[in-house]
Amino acid sequence: MLTKGYVHGITEMNYYPKKYDVIVVGAGHAGCEAALAAARMGCSVLTMTIDLDGIAKMPCSPSIGGVAKGQLVKEIDALGGEMARVTDKTAIQYRTLNTKKGPAVQSSRTQNDKIRYHIAMKEVLEKEPNIDIKQAMVERLVVQNNHIVGIEDQTGFGYQAPAVILATGTFLKGLIHIGFTSIKGGRAGEFASYGLPEDLKRLGFTLGRMKTGTPARLKKSTIDFTRFDPQEGDANPRPFSLFTKEIKTPQIPCYIGHTNKKSHQIVRENLRRSALYGGKITGVPARYCPSIEDKVVRFSDRDKHQIILEPEGIDTEEIYASGLGNSLPMDVQIPFVRSVEGLEEVEIMRPAYAVEYDYVDPLQLFPTLETKLIKGLYMAGQINGTSGYEEAAAQGIWAGINAASKTQERPPFLLDRSEAYMAVMVDDLVTRGTEEPYRMFTSRAEYRLLLREDNADQRLMERGNELGLIDDETLKGMKERHREISTGVHRIKSTVITPSKKVNDYLLKMGSSPIKNAATLDQILKRPELSYKDIATLDGQPKEIDEGIAHQVEIEIKYEGYIQRQLRDVERFKNNERIRIPPGFDYTKVHGLSNELREKLSSIRPISLGQASRIPGITPAAITVIMIYLKKAGSLQ
């Protein structure tokens, strides 16, 4: 039997008879992880999407991971999320980035078959017994006494839940630009949401405007690949997920080429016809992912810019032309793309375009990603001002866990900056906000040597198990691997090698100095030119261990001094994080704070002294004043 209710206490409407614990609006990378996390924690979940055929779509680059982004995917996996598993089912190339640099900045990246990725993730959602999926446009939120109670679709029909997660991507007032032609849409060929952003404004949220874009898709059979340099993947690719035992998809190369003077001249002559430079776009673009118009203008001294031709899948002709993103009209895009060597006869299957969309200022969120204005309402992904599939998915699992925790009356799920890259991202967003599309970088993480890809399971799997997202057997396996690492480190530190002709001849052969006195294996391993595999030959009783464990043993020993220093830094950091600021704390009563600081603190409402210290403009003196006041008031926790 249908029930009736009110939107903001005004409009009468009919409700779907089934009540849910959590409703997720949107089924992109954030929405999928949010829905799966909440459902696997035992919640009944409704996923609402504008288009069922757009679930987990890759509207931009057909890839997962990258520098810092790979760390996010590994963390999602360690918590029990799905992105890494689906990546391994659909990856057509694996590459480890920054292999010549230290372990703190090494990251995994894959090229993926975008259609297979969508199908695989859609199948996971459809088979999850606690998830219902419905195709509908959400127009309004149902709010009573500042609590979310449900949503209303474009037909005026309602669905009820005490927790709602908005994971709307680029669909809030989405506007696509190809030259001076503007089309309403969140992605090419898809509807945009215009009712929901207006409803958010009516509820009191501050919205901003951002811009992103995507390059043309080119027809494979019209490209002369002999004019490009092939970019192969890793010879022995390692799966992204801890749960993947075998990589089964065929591996395919990408191809590297460059624009040229002619390409740049075409862009310069048509800048006024670009949506970006012709005044059509008001949204803020990302500095780190510039369009070709931006590159030509900002780097006018360069004769060429790199492009990478990335296959969009095994069974498709579409090639993603990374580096050629623009908002030029089609009559300019064609000669521009064909000016590139090897693309003289190319056919454009889908044009490049820019897209503008609304986002919600993330300073209006608590660290749980729940909004401060409406209880039970959470936000994840590009609606929070971020960019990238991986950033979205990490926010999705974070919001999904917290929404489920709230409905189940569990403690909130919170990690700090020393525990995970996703925690760095969330803390940055809710403490500092963002005025441009936020992207994760290794430089944002103060403790990046501790937050490596290879130890994400050690850092987070126990938390996943506590939440019910990681089973006991998997956790047991992780702890056993950790014991093997500790045993390996201890064995190398306690094994002594004495000088001998055999030992020194081997060291010289490996390009290392001979030893004159007895030395432990760890002293020798700390030499930059030697690896774990090298020193294993010197061990009189070598022990066969897994390659991944050997890699971690090597890192633990080679970077021991740096790791210990970061651990000491973390302990100092946690001292301020442990000092909690009570909810509703009245900053107007704290003498010694300027009005500006009082306003900032009252608006952001930090949950700890540590978070307060990271708010732009907050001085060490202000932190001291707050701490003294908390102590006098007996509020130190």
Side-chain angles (χ1 to χ4, degrees), residues 26 28 50 59-60 137 139 166-216 267-300 324-333 336 351-365 379 381-388 391-392 428-429 432-439 616:
I50 293 173
C60 203
M137 173 86 76
E139 290 283 289
L166 298 183
T168 51
T170 59
F171 284 80
L172 294 185
K173 209 177 283 187
L175 191 62
I176 292 167
H177 299 282
I178 302 173
F180 282 4
T181 300
S182 300
I183 307 159
K184 291 181 178 180
R187 295 190 290 238
E190 299 183 46
F191 297 112
S193 171
Y194 275 72
L196 186 55
E198 290 304 316
D199 199 49
L200 289 169
K201 287 180 184 177
R202 282 195 294 271
L203 287 166
F205 288 98
T206 300
L207 275 63
R209 195 87 169 143
M210 285 184 176
K211 170 261 176 189
T212 188
T214 192
V267 173
R268 286 192 194 96
E269 290 173 354
N270 291 279
L271 277 176
R272 59 183 176 80
R273 300 184 63 199
S274 155
L276 182 61
Y277 279 84
K280 288 287 288 183
I281 292 175
T282 59
V284 180
R287 285 176 295 165
Y288 46 79
C289 190
S291 65
I292 193 65
E293 300 104 306
D294 264 336
K295 291 177 186 176
V296 168
V297 172
R298 288 164 52 189
F299 310 106
S300 58
L324 295 183
N326 66 83
S327 60
L328 295 162
M330 272 303 292
D331 63 291
V332 178
Q333 287 195 37
F336 163 65
Y353 65 85
V355 58
E356 285 186 281
Y357 56 95
D358 283 356
Y359 77 101
V360 175
D361 184 347
L363 291 177
Q364 299 166 99
L365 303 174
M379 297 184 181
Q382 283 178 283
I383 191 172
N384 292 337
T386 59
S387 171
E391 289 89 343
D428 282 349
L429 291 171
R432 299 167 181 166
T434 186
E435 295 180 353
E436 65 175 337
Y438 178 99
R439 179 177 177 175

Is any side-chain heavy atom of [X] less than 4.5 Å from a side-chain heavy atom of [Y]?
{"X": "Leu166", "Y": "Val360", "answer": "no"}
{"X": "Thr434", "Y": "Met210", "answer": "yes"}
{"X": "Tyr288", "Y": "Pro437", "answer": "yes"}
{"X": "Leu200", "Y": "Gln364", "answer": "no"}
{"X": "Glu293", "Y": "Leu271", "answer": "yes"}
{"X": "Val332", "Y": "Arg273", "answer": "yes"}

Just verifying a value: how many Å separate [X] [atom1] and [Y] [atom2], rounded to the nearest 0.5 Å?
{"X": "Leu276", "Y": "Glu356", "atom1": "CG", "atom2": "CD", "result": "9.5 Å"}
{"X": "Tyr353", "Y": "Leu328", "atom1": "OH", "atom2": "CG", "result": "15.5 Å"}
{"X": "Asn326", "Y": "Asn270", "atom1": "CG", "atom2": "CG", "result": "10.5 Å"}
{"X": "Phe336", "Y": "Ile292", "atom1": "CZ", "atom2": "CD1", "result": "4.5 Å"}
{"X": "Glu436", "Y": "Cys289", "atom1": "CD", "atom2": "SG", "result": "11.5 Å"}
{"X": "Leu172", "Y": "Leu207", "atom1": "CG", "atom2": "CG", "result": "7.0 Å"}

Inset, instruction - Would you indicate whether Tyr194, at its atom OH, is surrounded by more than 12 heavy atoms from other residues, nucleotides or ligands within a distance under 6.0 Å? - result: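 More than 12 within 6.0 Å, yes.
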Inset, instruction - Please indicate whether Arg287 has more than 12 foreign heavy atoms, meaning atoms of other residues, nucleotides or ligands, lying under 6.0 Å from its CZ. - result: no
For [X] and [Y], work out which heavy atoms get closest and say how close.
{"X": "Thr282", "Y": "Arg209", "result": "OG1-CG, 4.2 Å"}
{"X": "Phe171", "Y": "Phe191", "result": "CD2-O, 2.9 Å"}
{"X": "Met330", "Y": "Ile178", "result": "N-CG2, 4.3 Å"}
{"X": "Pro59", "Y": "Arg187", "result": "CB-CD, 3.1 Å"}
{"X": "Ser327", "Y": "Ser274", "result": "OG-OG, 3.3 Å"}
{"X": "Asp294", "Y": "Tyr277", "result": "OD1-OH, 2.6 Å"}

Legend entry - Check: Arg439 main-chain N/O paired with Glu391 side-chain donor or acceptor under 3.5 Å: no
Inset, instruction - Mark yes or no for whether Thr170, through its side chain, and Gly186, through its backbone, hold a donor-acceptor pair below 3.5 Å. - result: yes
Inset, instruction - Show the numbers, then the answer: is there a side chain to side chain contact (heavy atoms under 4.5 Å, CB included) between Met379 and Leu365? - result: CA-CA 8 Å; Met379 297 184 181; Leu365 303 174; 4.2 Å; yes
Inset, instruction - Report the C-alpha distance between Ser193 and Thr168 in whole Å, list the side-chain angles of each, state the deciding distance to 0.1 Å, and finish with yes or no for side chain to side chain contact (heavy atoms under 4.5 Å, CB included). - result: CA-CA 9 Å; Ser193 171; Thr168 51; over 6 Å; no
Legend entry - Sole candidate of Asp428, Asn384, Thr386 that passes side-chain hydrogen bond (donor to acceptor under 3.5 Å, both in side chains) when paired with Tyr438: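 Considering Asp428, Asn384, Thr386, a side-chain hydrogen bond (donor to acceptor under 3.5 Å, both in side chains) with Tyr438 is found only for Asp428.
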Legend entry - With Tyr357, the side-chain contact (heavy atoms from CB on, under 4.5 Å) member among Gln382, Lys173, Lys211: Gln382
